[in-house]
Amino acid sequence: MSSPEIVSSETSADLALDMVGRAYLALALLYETAHPGEFDDVQRKIRAFVEDNFRIVQDMNRGETFTAGTVEGASHLVNSILTEAENKIAAMIRPSRHMRGQTIT
């Protein structure tokens, strides 16, 4: 593959990951809305699954079948998306300032 084709394919892969990440974030927010408090457990399972799969891909990458840095870049993007989802869900389930001063009985 020539250099411009590599750059184009990496850009396409980054764009695809970004789109999948945004879809995941939307689904995560919907899931937490429908099942309050259950997202943390699901997110832990998803993160473990993703990390295991990246480990497998990196082991296979030792044969240099991927462009240098591709797996690391993808791993970074995916972890950023997972962290963003965790932060947005955490902000969503925190009581509002108005509710903090009140005791729920």
Side-chain angles (χ1 to χ4, degrees):
M1 216 186 265
S2 67
S3 183
E5 289 173 345
I6 291 171
V7 170
S8 177
S9 108
E10 287 177 358
T11 301
S12 296
D14 288 348
L15 182 58
L17 273 173
D18 185 56
M19 290 172 23
V20 168
R22 290 173 191 269
Y24 172 79
L25 183 57
L27 287 172
L29 291 169
L30 285 171
Y31 184 84
E32 178 60 31
T33 302
H35 307 280
E38 293 182 22
F39 178 77
D40 283 340
D41 186 45
V42 172
Q43 178 76 345
R44 272 191 292 280
K45 290 175 185 173
I46 291 170
R47 187 176 282 280
F49 174 78
V50 168
E51 289 171 355
D52 286 347
N53 279 282
F54 271 117
R55 239 179 264 115
I56 291 166
V57 170
Q58 285 175 326
D59 288 345
M60 290 173 26
N61 190 31
R62 300 207 195 289
E64 297 301 319
T65 55
F66 294 105
T67 306
T70 302
V71 175
E72 291 81 9
S75 177
H76 176 72
L77 284 171
V78 170
N79 278 312
S80 295
I81 291 162
L82 293 174
T83 300
E84 182 180 356
E86 289 168 355
N87 292 336
K88 288 201 177 200
I89 297 297
M92 188 175 146
I93 60 177
R94 271 191 214 114
S96 68
R97 276 188 241 169
H98 176 72
M99 295 290 292
R100 287 183 194 150
Q102 299 175 355
T103 304
I104 299 173
T105 56

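- Comment: Arg44 does not engage Asp40 in a salt bridge, judged by the lack of any side-chain N to carboxylate O separation of less than 4.0 angstrom.
- Contact check for Thr33 versus Met92: side-chain heavy atoms found under the 4.5 Å cut-off.
- Results of the side chain to side chain contact (heavy atoms under 4.5 Å, CB included) test with Val78 over Thr83, Leu17, Asn53, Val20 single out Leu17 as the only residue that passes.
- Between the side chain of Gln43 and the backbone N or O of Leu82, at least one donor-acceptor pair lies under 3.5 Å.
- Summarising the geometry, atom CG belonging to Leu27 is positioned 10.0 Å from atom CZ belonging to Phe39; distances are rounded to the nearest 0.5 Å.
- With Glu32 contributing its side chain and Ile89 its backbone, the two residues share no donor-acceptor pair below 3.5 Å.
- Around the NE2 atom of His35, the shell of radius 6.0 Å holds more than 12 heavy atoms that belong to other residues, nucleotides or ligands.
- Taken from CD in Glu51 to CD1 in Ile46, the straight-line distance is 12.0 Å, to the nearest 0.5 Å.
- In this structure a side-chain-to-backbone donor-acceptor pair under 3.5 Å is present from Asn79 to Ser75.
- The distance from atom CG of Leu29 to atom OH of Tyr24, rounded to the nearest 0.5 Å, is 10.0 Å.
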